[in-house]
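Side chains included, hydrogens not; waters and symmetry mates left out as well; all remaining heavy atoms used.
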Amino acid sequence: MAIVQHNPASVFPPYRAYAHAVEVAAGSRMLVISGLNGLEADGKAMPETFEDEADLIWKHMQTILKSAGMELTNLVSLRTYLAHPKYDEANVAMRVKYLGTHRVASTVVCCQLLDPRWKLEVEATAAA
């Protein structure tokens, strides 16, 4: 499936590994992924560091995508919730680590998360 990025020259240049907009062709299958956190498979334990939590979230994301016959390059949109702005640099590094040059529409929100142990939560939309 072809994903078309829209980054008009009259809008400020995208920064930090995202696209202003992503177009999905008609007739594509859409997968909407709920907010994922860094809980381990037991639903209780979670990593201590932001990087380890983010790695686990991205692994959860890949598992869900695979269950739908998709992969990370099918992602078209991410919404990331950070518990604190200090995690922004590490969050960008993780997005680049997992997406490489693949650019998605993206929003990052800093807010209090439901569980005080969570450092981030990520929801996504994919298309195939």
Side-chain angles (χ1 to χ4, degrees):
M1 178 199 74
I3 295 173
V4 179
Q5 295 180 12
H6 294 275
N7 295 306
S10 60
V11 177
F12 61 89
Y15 57 95
R16 307 185 62 87
Y18 75 97
H20 282 303
V22 177
E23 180 180 348
V24 177
S28 298
R29 286 187 312 121
M30 300 288 293
L31 178 68
V32 180
I33 301 171
S34 295
L36 299 173
N37 57 53
L39 289 173
E40 300 280 354
D42 66 5
K44 297 176 185 172
M46 65 183 310
E48 292 289 323
T49 69
F50 180 91
E51 290 78 9
D52 289 344
E53 186 176 343
D55 275 329
L56 185 54
I57 288 170
W58 281 97
K59 288 175 185 165
H60 290 332
M61 182 91 61
Q62 288 172 303
T63 299
I64 291 167
L65 288 164
K66 185 177 179 182
S67 75
M70 297 183 190
E71 53 193 35
L72 291 173
T73 56
N74 290 103
L75 290 173
V76 295
S77 180
L78 290 173
R79 187 169 295 116
T80 304
Y81 302 92
L82 299 177
H84 194 280
K86 69 182 178 184
Y87 298 125
D88 187 49
E89 290 295 328
N91 180 57
V92 172
M94 284 294 172
R95 193 168 58 232
V96 170
K97 174 181 176 179
Y98 285 94
L99 296 181
T101 60
H102 179 64
R103 298 292 182 253
V104 300
S106 181
T107 297
V108 178
V109 178
C110 292
C111 62
Q112 181 178 351
L113 300 174
L114 186 61
D115 186 318
R117 298 175 299 160
W118 298 354
K119 295 168 186 63
L120 76 159
E121 184 173 353
V122 181
E123 63 180 271
T125 303

Has the side chain of [X] got a donor or acceptor atom that lies under 3.5 Å from a matching backbone atom of [Y]?
X	Y	value
R29	A68	yes
K119	E48	yes
T63	K59	yes

Distance (rounded to the nearest 0.5 Å) between [X] [atom1] and [Y] [atom2]:
X	Y	atom1	atom2	value
C110	L120	SG	CG	11.0 Å
D88	F50	CG	CZ	8.5 Å
L31	I33	CG	CD1	4.5 Å
E23	H6	CD	NE2	4.0 Å
E53	R117	CD	CZ	9.0 Å
C111	E121	SG	CD	8.0 Å

Salt bridge D42-K44, side-chain N to carboxylate O under 4.0 Å: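 No salt bridge links D42 with K44.
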Hydrophobic cluster membership, I64 vs M94, 4.5 Å side-chain cutoff: yes
[X] versus [Y], closest heavy-atom pair with distance:
X	Y	value
M30	A127	SD-CB, 3.7 Å
I57	G38	CG1-N, 3.6 Å
L75	H102	O-NE2, 2.8 Å
R95	S106	NH1-OG, 3.8 Å
A105	V22	N-CG2, 3.4 Å
G43	L39	O-CD1, 3.7 Å

Aromatic ring pairing H20/F12, orientation class (parallel under 30°, perpendicular over 60°, tilted between): perpendicular
Using side-chain heavy atoms (C-beta onward) and a distance below 4.5 Å, is [X] in contact with [Y]?
X	Y	value
W58	K97	no
P47	L56	yes
K66	E71	no
L36	H60	yes
L82	V109	no
P14	Q5	no

Set of residues satisfying salt bridge (charged side-chain N to carboxylate O under 4.0 Å, His left out) with respect to [X], sequence neighbours excluded:
X	result
D52	none
K86	none
E89	R16

Donor-acceptor side-chain pairing of Q62 and Y98 below 3.5 angstrom: no
Among L99, T107, V108, T125, the one residue meeting side-chain contact (heavy atoms from CB on, under 4.5 Å) with L78: L99
